[in-house]
Structure formats: C-alpha cells, structure tokens
Amino acid sequence: MKRRSAFLALTMTVAVVTVARSGHELPVYPSFYPHEIVLAAVTPKDAAELLSAGKIQAYVGAAPHFAGTPPASVKGVDSLGSFVVVRIHPSSSLAKDAKSSCAVGEYIIRDLFGKGGDLIVHPYPVTPFHGDYLHHADLAEAAKARILGNRDASSGFAFPILKVKAVTERVRALVRPEWRAEGSDWDAELAEISAAELIASTSYSMNGWLGPAWLRSGWFSSSLLLGERMDDEDLVGRVRSQVRRLQTSNFANSVERINLERSLVSTLAADCFARVAGYTLRREYFSTVFEAGVENIAYDSLTGFNSPMFIRTVKLRDFPWNGWLSLGMEGAPRAAWNPVAGFTDEFGRLMWSAVGDPVLIPSPNESAWMFNRIADVQSSAVQ
C-alpha cells in the first residue's frame, strides 16, 4: 500500500507540473498590435466628446475642440508641427542686396520673438525634434544668440513700415497689424510648412522598404525647406553637391559625414532670401478612461500618432495585448488606395502603417530606423 500511495503521489505531481508548464504564454510579445483597427473621419468638435467618453482611443493629426480644459482622462503629446519660413520678395525695394535682405529677415524674426502664440522662434532649420539635433545644437544656439541677442538692433538699416504677407491665419496673428499685406505687393512672406507633409512628399514604400534612408534627417528636411527657394546659383550648386555626397555616402567616416551635414545646413542658412524663423508644435490627444482607454503608447517626434510605431505599441487597458482600437482623423480620405501611387494623404498613411509590413520602421526619436519585428541580431567583435 505504501508503494502504491507513493507511486500515485508521484504520478499526480508529474501531472500537475505538466499542466502548469503547458499553460504558460510566450514571455515576449513583439507588440501590442490591435487585432481590429477602425479609422473614422471625425470633426474636432465630435472628437472631444468621443475621447472624453472613451469611444475613440486617440485623435490623429489635429487637436480636438474642447469646450474648456480637457478632462483628466484625456492626455496630450507633442511632436513637430510645422516650420515657419521667412521669404524675402526678390522685387522688394528692401532686397537690394544680400546684406539688406539679411537685415529684413532678421528684423522680422526678432519682432516675432516673445509674441506668444504657437510659434517657437528658432532661427535654424534643424529643431530639437530631429534625431540628429545634437550634431547641430551649437550652431542652432549660435544663430539664436546672434539674431535674438539684441532685439532692438537693425544692423544699421532703418526700415519703413514693412509689408509682410502671411500664408496662414496662425502666422498672420503674429504679424503687426500695420505690416500685414495682401496680394503681390509685399516685402516678406511668412509661410507655414507642415513637417509631416514635408516628410511625406519625398517618402516611398516599395517591396517591404520605407525610404529614402535619409528621410528623417535634419539636413534633408533643411534642404527641402530652403534648397528650392535659393536664388543664388553658386549656393545652389554647393548645396546640390553636398546633398549628393550625403546621399551617395561619399565620405570617409562618421566624423566627416557629420561635418558635411553641418556644412550643408550652414550653407542653406546663409541664404537670406529664405530662412527658417521657427517651428510650431502639434498636440494630439488620447483617452486613458478606464477601461476602454489607452494604457501606454509610443509616438513619433516628427509625425506624432501617424506612424507605424504608434500602431505597434498602443496598449489598451482592457486587454493584456491586442484589442479593438478606434481612431479618429480630421477629414475623409482623399488619395488613391494602392501601395504604389496611393496612400499619400494622412488617412492613407496611417492605414498603410496598419496594413503594411515593412522590414524597418522609423525609430520614434531618432533619424535612424529600427527592425519591425524581434530579430536575433548577432553582435560583432569591436574592431
């Protein structure tokens, strides 16, 4: 009897251990990728109500119109919104030469400083939201100190009332009322250029790859912002040569590459007929309401929620992983729905982030890229 009891006890113990081990789930999940995603066109007013009620988890690309302060269950995140560029009219009587044009541009930038509103005055094309900003931080600070150091200075030029044309209402509100100009009669123009649209205008998705490789670099966005607006043929030639070297990896090492990037941006910033005055932020909101809200997310510093990283990391409260994700966007889809020449509007780009399966995706706070899936990468010996 004792032997039989011992045998039964051992059998039961083995059975219990086997059942416990077979019930364990995978210790690592590649992502919290939702198994159902709904994208809906929602007005900013309706978005505020739906977020507060937890009926959508996030509003992508725009800010909802809350009647007052957003409720505690609705949180916001900031990413790069747009660049504000000052362009001098070539036919203006104040743009007689490069020195005069520089004085006009710097005078306007100094006047914008301290106006409040959404503009962050930053007279350098690479912003702190770019992953390679540390390569340019000293140049950016030097440009800011030089232009904003003496806000009463006018570089020896005495300006009459300037005629400034503002492209959008947001920057128009920053221009002095007596300076505001309409039509073709203007000395300078303030243009607002969306950072996300700037990136999207030159990006592509083909055969599982997103690109180009330099898409998210500060030097590349600077060349897009200012390179096409340059009037000096010599400067245009220098810029194109430096861009070509960076795109073809025509440099010996990383030090030479970084110095080449700094030189390119400095060359672009030296042309006073078009220069970056600063940037604005995009604030997007998500719901944390219990239990239908979001527990944690990641987002992109340049494109915010409209990124593959957001879709792959959004973690809903009522599921250990996966779940039903509902997102709102301002405006209905406009672009064609095909992976070759379509998905070029905000709606399409977010949808492609959900259904596409690229090898690499943008690293959220860098100018580099990262693996889309978990990979067994073998480290190599340090040379």
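One-based numbering along the sequence shown. Just so we're clear, the structure is a prediction, and the values are computed from it rather than from any experiment. We use all heavy atoms of the structure for the numbers below, so side chains are in, but hydrogens, waters and symmetry mates are not.
- Sorted by first and then second residue, the salt bridge (Lys or Arg N to Asp or Glu O under 4.0 Å) pairs involving residues 113-124 (not counting sequence neighbours) are Asp111-Lys115, Asp118-Arg170.
- Judged as a salt bridge (charged side-chain N to carboxylate O under 4.0 Å, His left out), and not counting sequence neighbours, the contacts of Glu182 are Arg172.
- Looking only at side-chain heavy atoms (C-beta outward), Thr280 and Ile120 stay at 4.5 Å or farther from each other.
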(request) Under the side chain to side chain contact (heavy atoms under 4.5 Å, CB included) rule, what do Arg283 and Val77 come out as? Steps first, then yes or no, please. (result) CA-CA 6 Å; Arg283 170 151 284 201; Val77 299; over 6 Å; no
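- Side-chain contact check for Thr303 versus Ile199: some heavy-atom pair is nearer than 4.5 Å.
- In the hydrophobic cluster analysis, where Ile, Leu, Val, Met, Phe, Trp and Tyr join through side-chain heavy atoms closer than 4.5 angstrom, Ile161 is grouped together with Leu112.
- Between Met329 and Val42 there is no side-chain heavy-atom pair separated by less than 4.5 Å.
- Side-chain N or O atoms of Trp369 include one that pairs as donor or acceptor with a backbone N or O of Ala213 at under 3.5 Å.
- At distances below 3.5 Å, not a single donor-acceptor pair connects side-chain atoms of Ser241 with backbone N or O atoms of Arg238.
- Considering only residues two or more places apart in sequence or on other chains, Ala58 meets the side chain to side chain contact (heavy atoms under 4.5 Å, CB included) condition with Phe286, Phe305, Phe310, Leu327.
- Put simply, the side chain of Ser100 never gets that close to the backbone of Asp97: no donor and acceptor are under 3.5 Å apart.
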(request) Given side chain to side chain contact (heavy atoms under 4.5 Å, CB included), test Ile88 with Leu94 step by step and report yes or no. (result) CA-CA 9 Å; Ile88 308 301; Leu94 301 180; over 6 Å; no
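- At least one donor-acceptor pair under 3.5 Å links the side chain of Arg312 to the backbone N or O of Ser353.
- Put simply, CG on Leu119 and CG on Leu174 are 5.5 Å apart, with the number rounded to the nearest 0.5 Å.
- A donor-acceptor distance shorter than 3.5 angstrom exists from the side chain of Thr313 to the backbone of Ala298, with no hydrogens or angles considered.
- Residue-environment remark: CZ (Arg180) exceeds the threshold of 12 foreign heavy atoms within 6.0 Å.
- For the pair Pro364/Tyr299, no side-chain contact is recorded, criterion being any heavy-atom separation below 4.5 Å from C-beta on.
- Counting only N and O atoms by type, the side chains of Ser194 and Glu197 include no donor and acceptor under 3.5 Å apart.
- With respect to the salt-bridge test (charged N to carboxylate O, under 4.0 angstrom), the residues Asp300 and Arg216 qualify.
- Side chains of Leu226 and Pro125 form a contact here, defined as non-hydrogen atoms less than 4.5 Å apart.
- The ring pair (Phe, Tyr, Trp, His ring centres under 6.0 Å) check on Trp324 picks up His35, Phe319, with sequence neighbours excluded.
- Grouping the Ile, Leu, Val, Met, Phe, Trp and Tyr side chains by contacts below 4.5 angstrom, directly or via other members, places Phe83 with Trp214.
- With sequence neighbours excluded, the residues that form a ring pair (Phe, Tyr, Trp, His ring centres under 6.0 Å) with His89 are Trp186.
- The distance from atom CD of Glu106 to atom CG of Leu148, rounded to the nearest 0.5 Å, is 9.5 Å.
- No hydrogens or angles considered: nothing links the side chains of Ser287 and Gln57 as a donor-acceptor pair under 3.5 Å.
- The number of heavy-atom neighbours closer than 6.0 Å to CD of Glu169, taken from other residues, nucleotides and ligands shown, is 12 or below.
- The closest side-chain heavy-atom distance from Asp357 to Asn372 is below 4.5 Å.
- Judged by distance alone, with hydrogens and angles left aside, the side-chain atoms of Lys75 form a donor-acceptor pair with the main-chain N or O of Ala72 at under 3.5 Å.
- Leu225 and Leu281 fall within a single hydrophobic cluster, where Ile, Leu, Val, Met, Phe, Trp and Tyr are joined by side-chain heavy atoms under 4.5 Å apart, directly or via other members.
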(request) Please step through side chain to side chain contact (heavy atoms under 4.5 Å, CB included) for the pair Ile193 and Leu224, ending with a clear verdict. (result) CA-CA 11 Å; Ile193 301 170; Leu224 296 176; over 6 Å; no
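- Looking only at side-chain heavy atoms (C-beta outward), Tyr124 and Leu139 come within less than 4.5 Å of each other.
- Residue Pro212 comes nearest to Tyr204 through the heavy atom pair N-CE2, 3.6 Å, listed as atom of the first residue, atom of the second, then distance.
- Tracing side-chain contacts under 4.5 Å through hydrophobic residues (I, L, V, M, F, W, Y), one reaches Val171 starting from Leu162; they form part of the same cluster.
- The shortest side-chain heavy-atom distance between Glu36 and Val38 falls under the 4.5 Å cut-off.
- For Pro123, the side chain to side chain contact (heavy atoms under 4.5 Å, CB included) test picks out Ile109, Val121, Lys144, Ile147, with sequence neighbours left out.
- Every pair tested for side-chain hydrogen bond (donor to acceptor under 3.5 Å, both in side chains) that includes a residue from residues 60-72 fails, sequence neighbours excluded, so the list is empty.
- Defined by atom type and a distance below 3.5 Å, a donor-acceptor pair is missing between the side-chain atoms of Ser217 and His130.
- Rounding to the nearest 0.5 Å gives a distance of 9.0 Å between CZ of Phe129 and CG of Leu302.
- Among residues two or more places apart in sequence or in another chain, the salt bridge (charged side-chain N to carboxylate O under 4.0 Å, His left out) test is passed with Asp187 by none.
- For the atom pair CE of Met351 and CG of Asp345, the computed distance is 8.5 Å after rounding to the nearest 0.5 Å.
- Annotation: the span from Ile56 atom CD1 to Leu325 atom CG amounts to 10.0 Å, rounded to 0.5 Å.
- Between Arg317 and Glu291 there is no salt bridge, since no side-chain N of the basic residue sits under 4.0 Å from a carboxylate O of the acidic one.
- Separating the CZ atom in Phe343 from the CZ atom in Arg349 is a distance of 12.5 Å, to the nearest 0.5 Å.
- In terms of the side chain to side chain contact (heavy atoms under 4.5 Å, CB included) criterion, residue partners of Ser73 (sequence neighbours excluded) are, by chain and number, Pro71, Thr288, Val289.
- Counting only residues at least two apart or on different chains, the side-chain hydrogen bond (donor to acceptor under 3.5 Å, both in side chains) pairs with a member in residues 246-256 are Arg245-Glu256.
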(message) Please determine whether side chain to side chain contact (heavy atoms under 4.5 Å, CB included) holds for the pair Val167 and Leu190, giving the CA-CA distance in whole Å, both sets of side-chain angles, and the decisive distance to 0.1 Å.
(response) CA-CA 6 Å; Val167 176; Leu190 281 182; over 6 Å; no
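- Among pairs with a residue in residues 46-67, none fulfils salt bridge (Lys or Arg N to Asp or Glu O under 4.0 Å), at least two apart in sequence or across chains.
- Asp132 places a side-chain N or O within donor-acceptor distance of the main-chain N or O of Gly218, the cut-off being under 3.5 Å.
- Each of Lys163, Arg87, Arg275 was checked for a salt bridge (charged side-chain N to carboxylate O under 4.0 Å, His left out) with Glu189, and the lone residue meeting it is Arg87.
- Not counting sequence neighbours, the partners of Glu330 by the side chain to side chain contact (heavy atoms under 4.5 Å, CB included) test are Pro44, Tyr59, Ala62.
- Put simply, the side chain of Ser263 never gets that close to the backbone of Leu260: no donor and acceptor are under 3.5 Å apart.
- Under the 4.5 Å side-chain heavy-atom criterion for Ile, Leu, Val, Met, Phe, Trp and Tyr, Val265 and Leu134 are members of distinct hydrophobic clusters.
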